[in-house]
Amino acid sequence: MPRLFLKRKEEILGEYILRRKKRVFIGSKKGNDILIKDKNISEHHCSIITEDGNQYTVKDQNTIIGTKVNGKTISEKELHMGDEIGIGPYSIIMYPDIMPNSPDNKPMCFLLGIYGKFIGKKYIVKAEDTFIGREQYSPRGIENDIVLTGDMTVSKGHAKISYNNGQYTITDVGSTGGVAVNGNKVGQLNSMNIVLGDEISIGRSIFRFVNSFDEDYSTPSKQKIFLLKIRKPVSIAVTIASLVISIALIWFGWSGLSLLKSKPAKLALELNTDFRKDTPLRNLEEYDITSTPAIGDINGDGKNDILMLTAAGFLYGWNAKTGDSLWRQIEIFNSGQTSPMLADVNDDGILDIITLSDSSMLFIYDGQTGNIIRREILGGVISEMTPLVADLTGNGKKDIVVCSEDGAVHFLYNAGYETDYDRYTEFVEGPIYASPVLYRSKDFTPMVVVASYAGKVYFIDGKSRTKKTVDLVEKTGKAHLIAGAPAVGDLNGDGIPEVVVQSNVPQYVSAIDVSKFEVMWTYFVEPTPPAGLKHNSSPVIADLTGNGMGDVFVVSANGSIQGLKGKTGYPAGELLWKMLLLDCKRMISSPAVYDFDKDGLKDFVIATEDGKIIVLKSNPRRKEFEIMAEIRASNNPITSSPLIGDIFGMGRLDIIFANSTDALQVINTNAKIIENVIVWPMFLGSADHIGFSGLSSYKSHYRKQFFVGLIILVAFLFFKIKFTLARNDKRVKVQFL
């Protein structure tokens with residue numbers, strides 16, 4: 001079967017193999033088998049007809065410019081192999097599709113463009129001399145057979161390929177851009193033999209010398225140009241790197257997200273008997289809420305450490321995994337009720353320790369060395385409350401707020417710096433037994449919330465230092481003796497957080513609408529908890545029903561647990577469900593929160609006076625609290641708030657707590673988590689008292705990893721395919737007719 005080459009001069013525009021069609025139409029109108037895009041060619045110019053597949057005839061369709069065969073105008077003529085059909089400036093040459101096995105048959109040879117402006121092009125190398133240049137004619141008036149238009153590195157008359165006695169030769173006919181074969185320069189007016197497979201540089205374009213059945217358009221490999229020599233290995237390296245990076249990002253992102261979503265079939269708790277830190281014993285006859293430890297990478301080694309302030313007045317720091325001390329214990333002179341805070345107050349990348357003493361002193365220590373950063377005397381009784389650490393002014397630097405029992409609220413701005421340090425004191429009605437918390441909303445500048453034992457809640461703008469007051473006794477007509485830190489969260493789904501306070505005896509829970517500074521509702525907790533405790537636990541705001549809005553979780557010292565509806569039209573509040581732990585003594589420490597079973601509803605870790613750690617979940621369908629897991633963890637009352645995190649870097653969540661004797665203990669769970677992640681790191685969850693720490697940023701990080709990897713992979717495949725298709729589109733393709 002013959003092969004037809006459509007060409008203009010010696011540039012191949014199309015290749016066709018005649019197989020089944022009895023008649024092949026040629027013209028400028030769409031629908032022709034061989035389409036010549038030239039308005040000077042007739043729409044239906046001529047046709048090639050075959051009867052038995054061995055004899056072919058070309059027939060002109062009565063065109064104006066006519067049809068020629070081997071230079072002679074015809075109306076109809078039988079074709080033979082090697083005949084050339086002339087159609088205006090175009091021609092179609094007939095050539096056998098399979099080379100005869102005869103040494104007398106010289107194969108038709110071509111130049112394939114493999115680099116530069118003419119990549120993908122295909123040119124016939126004639127049996128006699130083939131002249132190559134930038135324009136139709138060379139300066140000497142010789143007509144060029146191969147015209148490389150538009151490339152100024154090609155001379156008007158550049159090179160000549162000749163065939164003599166079975167050998168092809170290329171000659172530089174006086175070009176300025178030069179001719180090279182496989183990287184070796186020919187030199188002006190010099191010649192060099194060439195064989196099939198050679199790479200010929202003409203100016204800045206490179207061609208491969210091939211026969212009619214070789215379609216090797218691959219990247220040049222025989223050139224001595226450094227960039228071309230490394231192009232292929234670099235391309236392979238970039239391909240491998242792109243695939244490895246994208247697949248790795250997708251894998252790590254997916255693995256991280258899967259790990260964050262993983263949940264145990266059943267939550268199991270086990271006391272870690274290998275880890276226990278005993279400190280000088282406190283007096284067991286009288287106790288109240290005690291100092292909550294803190295977890296974090298205190299010394300900057302990438303591993304979690306544990307911090308604890310004891311009733312004996314010493315601050316301890318341990319490497320969680322090894323149990324080794326970070327530094328020699330620091331004497332604070334504290335009775336062990338204020339909880340230490342961890343925050344980087346001087347922006348050196350290392351967590352600092354902020355704590356208070358019985359001598360009305362604020363201390364800031366460098367977590368890595370244990371050296372003092374700041375020591376400030378504040379005045380008043382401050383040792384039973386926990387400081388607030390947050391950026392109140394928006395300057396990116398941490399500020400510290402400390403309350404004293406007599407009603408002084410101390411603001412220490414830029415506390416980790418000497419030059420910008422500023423101090424301010426605001427006075428409210430005392431006594432104050434509740435630690436201050438941060439109120440942060442997109443509609444307000446950061447405010448410090450201070451609740452007094454007299455039932456007044458103060459909102460102090462950290463930047464302007466203005467103060468708003470909500471008098472709960474005046475608003476509700478009920479005495480609110482507040483001795484626990486307030487909770488902040490969105491109860492009605494409007495994007496503006498509310499504040500919830502829990503009083504001591506009698507025990508009321510009140511929700512405050514901060515946008516109006518009005519009381520939304522007040523709920524009375526029955527039965528009344530026993531007297532004798534100076535402090536009470538703090539409420540927690542979390543979604544209990546699955547409606548996406550905040551509800552209130554309350555632990556009472558009377559042994560009961562209440563779930564209160566956050567958004568309700570009842571001024572007396574609305575009880576969702578409650579649980580009475582009959583076999584438990586008082587619960588005086590604040591709960592910790594984490595979604596262990598990944599059902600979208602937060603679970604609550606509470607500690608009891610008889611040494612139990614209990615994990616509860618809300619069941620909206622059955623309208624009750626359920627115990628997910630519990631364990632008798634201590635022989636003494638647990639008086640600190642529990643903390644949650646991967647303490648030992650084992651990829652499992654642990655629960656850490658301290659009891660009334662200041663013994664530090666750990667409970668291991670079977671809940672998987674990212675190594676070293678802490679979800680409830682210190683008192684009230686985080687350094688600025690706003691709740692959860694880290695997980696949202698990890699989810700965002702892994703999502704970003706996954707999608708970046710996916711984008712890299714898709715983009716790489718897109719551009720690879722696009723480049724390949726674009727490169728292939730430039731090539732002359734063989735069509736079967």
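Residue indices begin at 1 and follow the sequence shown.
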I'd like a table of donor-acceptor pairs (distance under 3.5 Å, sequence neighbours excluded) in which one partner is a side-chain atom from residues 346-354, with atom names and distances.
{"unit_1": "Asp347", "atom_1": "OD2", "unit_2": "Tyr417", "atom_2": "OH", "d": "2.3"}
{"unit_1": "Asp348", "atom_1": "OD1", "unit_2": "Ile350", "atom_2": "N", "d": "3.0"}
{"unit_1": "Asp352", "atom_1": "OD2", "unit_2": "Val345", "atom_2": "N", "d": "2.9"}

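Annotation: salt bridge (charged side-chain N to carboxylate O under 4.0 Å, His left out) contacts involving residues 645-656, sequence neighbours excluded, are absent. Sorted by first and then second residue, the side-chain hydrogen bond (donor to acceptor under 3.5 Å, both in side chains) pairs with a member in residues 363-373 read Asp366-Thr369, Thr369-Asn371; sequence neighbours excluded. Applying the side-chain hydrogen bond (donor to acceptor under 3.5 Å, both in side chains) definition to pairs two or more places apart or across chains, none involves residues 325-334.
For NZ of Lys534, the number of neighbouring non-hydrogen atoms (other residues, nucleotides, ligands) closer than 6.0 Å is greater than 12. Shown here is Tyr570, whose OH atom has no more than 12 heavy atoms of other residues, nucleotides or ligands within 6.0 Å. Within a 6.0 Å sphere centred on NZ of Lys467, other residues, nucleotides and ligands contribute more than 12 heavy atoms. The 12-atom threshold is exceeded at NZ of Lys598, counting heavy atoms of other residues, nucleotides or ligands nearer than 6.0 Å. Enclosure of atom NZ in Lys478 by more than 12 non-hydrogen atoms of other residues, nucleotides or ligands within 6.0 angstrom is indicated.
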Fill in: Intermediate values then yes/no, side-chain contact (heavy atoms from CB on, under 4.5 Å), Asn676 and Lys303
CA-CA 7 Å; Asn676 295 308; Lys303 306 295 182 182; 4.3 Å; yes
Practice prompt. Determine, step by step, whether Asn414 and Asn395 satisfy the side-chain hydrogen bond (donor to acceptor under 3.5 Å, both in side chains) criterion, reporting the C-alpha distance in whole Å, the side-chain angles of both residues, the deciding distance to 0.1 Å, and the verdict.
Written response: CA-CA 9 Å; Asn414 308 323; Asn395 65 352; 2.9 Å; yes
Item to complete: Begin with the C-alpha distance, continue with both residues' side-chain angles, and end with the deciding distance and a verdict on side-chain hydrogen bond (donor to acceptor under 3.5 Å, both in side chains) for Tyr523 and Gln502.
Response: CA-CA 9 Å; Tyr523 177 81; Gln502 177 180 343; over 6 Å; no
Worksheet item: Can you list the steps and then say if Lys602 with Lys617 is a side-chain contact (heavy atoms from CB on, under 4.5 Å)?
Response: CA-CA 7 Å; Lys602 296 296 185 289; Lys617 71 178 277 85; over 6 Å; no
Discussion item. One pair to check against side-chain hydrogen bond (donor to acceptor under 3.5 Å, both in side chains): Gln337 and Ser291. What are the steps and the verdict?
Written reply: CA-CA 4 Å; Gln337 287 189 308; Ser291 173; over 6 Å; no
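Of the charged side-chain nitrogens involved, at least one lies within less than 4.0 Å of a carboxylate oxygen, so that Arg423 and Glu376 count as a salt-bridged pair. Remark: Lys397 engages Asp420 in a salt bridge, criterion side-chain N to carboxylate O under 4.0 Å. Under a 4.0 Å N-O distance rule, the pair Asp595/Lys263 does not qualify as a salt bridge. Ion pairing between a basic and an acidic side chain is recognised when a charged N comes within 4.0 Å of a carboxylate O; Glu518 and Lys475 show such pairing.
With 3.5 Å as the limit, one finds no donor-acceptor pair spanning the side chains of Gln562 and Ser556. Using modelled atom types, one finds a donor on one side chain and an acceptor on the other under 3.5 Å when comparing Thr639 with Thr290. Of the N and O atoms on the side chains of Ser510 and Thr522, at least one donor lies less than 3.5 Å from an acceptor on the other residue.
Without hydrogens or angle criteria, Asp662 side chain to Ala311 main chain gives a donor-acceptor distance under 3.5 Å. Side chain of Thr568 to main chain of Pro571: no donor-acceptor pair is present (N/O by atom type, distance under 3.5 Å, no hydrogens or angles). Side-chain atoms of Asp391 come within 3.5 Å of backbone N or O of Gly396 as a donor-acceptor pair. Within the 3.5 Å criterion, the main-chain N or O of Glu384 finds no donor-acceptor partner in the side chain of Tyr433. Ser538 contributes no side-chain N or O that, together with a main-chain N or O of Ser590, makes up a donor-acceptor pair within less than 3.5 Å. A distance-only check finds a donor-acceptor pair linking the side chain of Asp305 to the backbone of Ile298 [under 3.5 Å]. Proximity of a side-chain donor or acceptor of Ser339 to a complementary backbone N or O of Thr292 within less than 3.5 Å is detected. Judged by distance alone, with hydrogens and angles left aside, the side-chain atoms of Tyr413 form a donor-acceptor pair with the main-chain N or O of Gly462 at under 3.5 Å. In this structure, Asn319 contributes its side chain and Asp324 its backbone to no donor-acceptor pair below 3.5 Å. For Asp551 (side chain) and Phe553 (main-chain N/O), no donor-acceptor pair under 3.5 Å exists by modelled atom type.
Atoms CG and OG, on Leu257 and Ser255 in that order, are 9.0 Å from each other to the nearest 0.5 Å. A distance of 10.0 Å separates CZ in Arg465 from OG1 in Thr393, rounded to the nearest 0.5 Å. Here Ser537 contributes atom OG and Ile289 contributes atom CD1; the two are 6.5 Å apart, rounded to the nearest 0.5 Å. Atom-to-atom distance recorded for Met341:CE and Leu684:CG is 7.0 Å, nearest 0.5 angstrom. If you take OH on Tyr702 and CG on Leu249, they are separated by 12.0 Å, rounding to the nearest 0.5 Å. With rounding to the nearest 0.5 angstrom, the OG atom of Ser640 is 10.5 Å from the CZ atom of Phe683.
Of the options Val389, Val448, Val450, a side chain to side chain contact (heavy atoms under 4.5 Å, CB included) to Val401 is made by Val448 and by none of the others.
Relative orientation of the Tyr439 and Phe444 rings is perpendicular, given thresholds of 30° and 60° on the angle between their planes. Ring geometry, Tyr508 versus Phe524: the interplanar angle falls from 30° to 60°, so the pair is classed tilted. Relative ring orientation between Tyr594 and Phe596 is described as perpendicular, the plane-to-plane angle rising above 60° on a 0-90° scale split at 30° and 60°.
Between Phe517 and Phe459, the ring center distance clears the sub-6.0 Å criterion.
The two residues Pro642 and Trp680 have their closest heavy-atom pair at O-CD1, 3.5 Å. Of all heavy-atom pairs spanning Pro486 and Val499, the tightest one is CB-CG1, 3.9 Å. Between Val514 and Pro497, the shortest heavy-atom distance links the atoms CG2-O, 3.9 Å. Scanning all heavy atoms of the two residues, the minimum distance from Ile588 to Ala557 falls at CG2-CB, 4.4 Å. Closest of all the heavy-atom pairs between Gly550 and Ile541 is CA-CG2, 4.0 Å. Nearest heavy atoms, Ile482 versus Ser452: CB-O, 3.6 Å.
Under the rule for a side chain to side chain contact (heavy atoms under 4.5 Å, CB included), the partners of Ser246 that lie at least two apart in sequence or sit in another chain are Ile712, Leu713. Evaluation of the side chain to side chain contact (heavy atoms under 4.5 Å, CB included) rule for Ser258 yields Trp254 as partners, not counting sequence neighbours.
Taking 4.5 Å as the limit, some side-chain heavy atom of Leu664 sits within range of a side-chain heavy atom of Ile306. Contact check for Tyr316 versus Thr310: side-chain heavy atoms found under the 4.5 Å cut-off.
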